[in-house]
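Note sheet for the following structure.
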Amino acid sequence: MDVEALLDWYEWVRRPLPWRETRDPYALLVSEVMLQQTQALRVVPYYERWLSAFPTAASLAAAPTRDVLALWSGLGYNRRALALQRAAVFVSEHGWPSDLTELPGVGKYTAAAVSSFAWDRDMAAVDTNVRRVITRREGLDVDVDARADALLPRGRAAVFNQAMMELGATVCRPRVPDCARCPVERGCLRLVVAPARRVKKEKFEDTDRWARGRVVASLLAGEPFPLDGERLERALAGLERDGLIVRDSSGRPQLP
DNA sequence: AAAGCGTGGGC
DNA sequence: TGCCCAAGCTT
């Protein structure tokens with residue numbers, strides 16, 4: 001793949017997003033955790049609000065978890081907010097670990113993204129978009145992580161990672177790739193893999209996932225739970241196990 | 001290692 | 001309206 005052509009293309013199409021204007025590892029970690037399974041444009045206002053309220057890892061670490069969940073509300077996956085705060089506690093106590101996957105809620109992708117953006121470490125951030133770009137080009141059996149690492153131009157990991165992700169998100173899209181606009185189409189196999197058939201048909205409102213979300217939202221709003229009985233108990237048990245709620249002295253569930 | 005974990009926008 | 005999605009991580 002012509003990496004130079006990719007980087008030239010990226011300079012041209014680059015969109016201004018607030019987290020692209022910082023090299024603060026804390027701010028970058030906030031953005032990466034928010035972006036996990038959430039569209040970038042929806043994250044923007046949350047990111048800006050969050051950094052106003054919790055400008056540093058120490059301030060996030062010291063905040064009441066209830067306030068943290070309140071500011072997260074609307075982004076989904078509440079336990080990620082919890083993990084982010086726990087990561088902030090770790091950082092404010094021990095500093096940044098050299099291996100960011102030691103932080104709760106940080107896996108291989110997020111560690112590589114933050115390390116390259118903040119510190120220019122030569123680590124390839126392989127997300128779902130990058131995975132698709134590489135397998136589409138080179139075949140389903142390719143070792144994606146090894147290929148991404150081989151392509152990465154040393155000393156320029158940050159722009160390379162962003163360019164690869166942007167290519168996957170806007171040109172090398174899942175169902176209908178726009179090969180006519182691709183800056184690196186030469187030598188590409190152009191594989192398009194049919195999505196796996198969905199099996200589940202259960203209504204979302206019937207799932208534990210929905211119940212858990214409603215319980216947390218109700219506690220934040222100070223409103224009664226919109227469910228009861230065994231479903232409520234199962235949701236509460238799961239939330240308590242994840243540390244998203246605690247029981248007060250009378251056994252009443254509340255936010256931590 | 002498959003399954004669980006939320007939400008609001010777009011069509 | 002209802003269905004699908006969108007920068008993963010954990011157990």
From C-beta outward on [X], which listed nucleotide comes closest to its side chain: [options]?
| X | options | value |
| --- | --- | --- |
| Arg212(A) | dG8(C), dG8(B), dC5(B) | dC5(B) |
| Gln39(A) | dG8(C), dC5(B), dG8(B) | dG8(B) |
| Phe204(A) | dG8(C), dA7(C), dT7(B) | dT7(B) |

With a non-hydrogen cut-off below 4.0 angstrom, is [X] in contact with a base, only sugar-phosphate, or nothing?
| X | result |
| --- | --- |
| Val216(A) | nothing |
| Ser31(A) | nothing |
| Trp19(A) | base |
| Asp242(A) | nothing |
| Arg20(A) | base |

Taking [atom1] from [X] and [atom2] from [N], how many angstroms apart are they, rounded to a whole number?
| X | N | atom1 | atom2 | value |
| --- | --- | --- | --- | --- |
| Leu35(A) | dA6(C) | CG | P | 14 Å |
| Met34(A) | dC5(B) | CE | C1' | 17 Å |
| Tyr77(A) | dA6(C) | OH | P | 13 Å |
| Asp208(A) | dT7(B) | CG | C1' | 17 Å |
| Leu75(A) | dC9(C) | CG | P | 16 Å |
| Arg79(A) | dG8(C) | CZ | C1' | 11 Å |
| Leu29(A) | dA7(C) | CG | P | 19 Å |
| Asp145(A) | dG8(C) | CG | C1' | 14 Å |

Pick the [atom1] atom in [N] and in [M], then give their distance to the nearest Å.
| N | M | atom1 | value |
| --- | --- | --- | --- |
| dA1(B) | dG8(C) | C1' | 15 Å |
| dA7(C) | dC11(B) | P | 16 Å |
| dT11(C) | dT7(B) | C1' | 23 Å |

*Hey, does the side-chain of Thr38(A) have a donor or acceptor N/O within less than 3.5 Å of a partner on the base of dG6(B)?*
yes
_Once hydrogens and angles are ignored, does a donor-acceptor distance under 3.5 Å link the base of dT7(B) to the side chain of Arg42(A)?_
yes
_If you assign Leu103(A) and Leu17(A) each to the DNA chain C nucleotide with the nearest heavy atom, which residue ends up on the more 5' nucleotide?_
Leu17(A)
*Is a side-chain donor-acceptor pair under 3.5 Å present for Tyr109(A) with Gln36(A)?*
no
*asked:* Could you tell me if Thr207(A) and Glu202(A) have a donor-acceptor pair between their side chains, going purely by distance under 3.5 Å?
replied: no
*Under 4.0 Å between a side-chain N/O of Gln37(A) and OP1 or OP2 of dG8(C), yes or no?*
yes
*With respect to the phosphate group of dA7(C), does any side-chain polar atom (N or O) of Thr110(A) fall under 4.0 Å of OP1 or OP2?*
no
*salt_bridge(Asp149(A), Arg154(A)) N-O dist < 4.0 Å*: yes
*asked:* Parallel, tilted or perpendicular: which one describes the rings of His94(A) and Phe90(A), with boundaries at 30° and 60°?
replied: tilted
*Stepwise, does the side chain to side chain contact (heavy atoms under 4.5 Å, CB included) test hold for Met1(A) with Arg147(A)?*
CA-CA 10 Å; Met1(A) 161 156 46; Arg147(A) 287 298 296 138; 5.9 Å; no
*Cationic tip of Arg49(A) within the cone over Tyr46(A)'s six-membered ring, i.e. under 6.0 Å and within 45° of the normal?*
yes
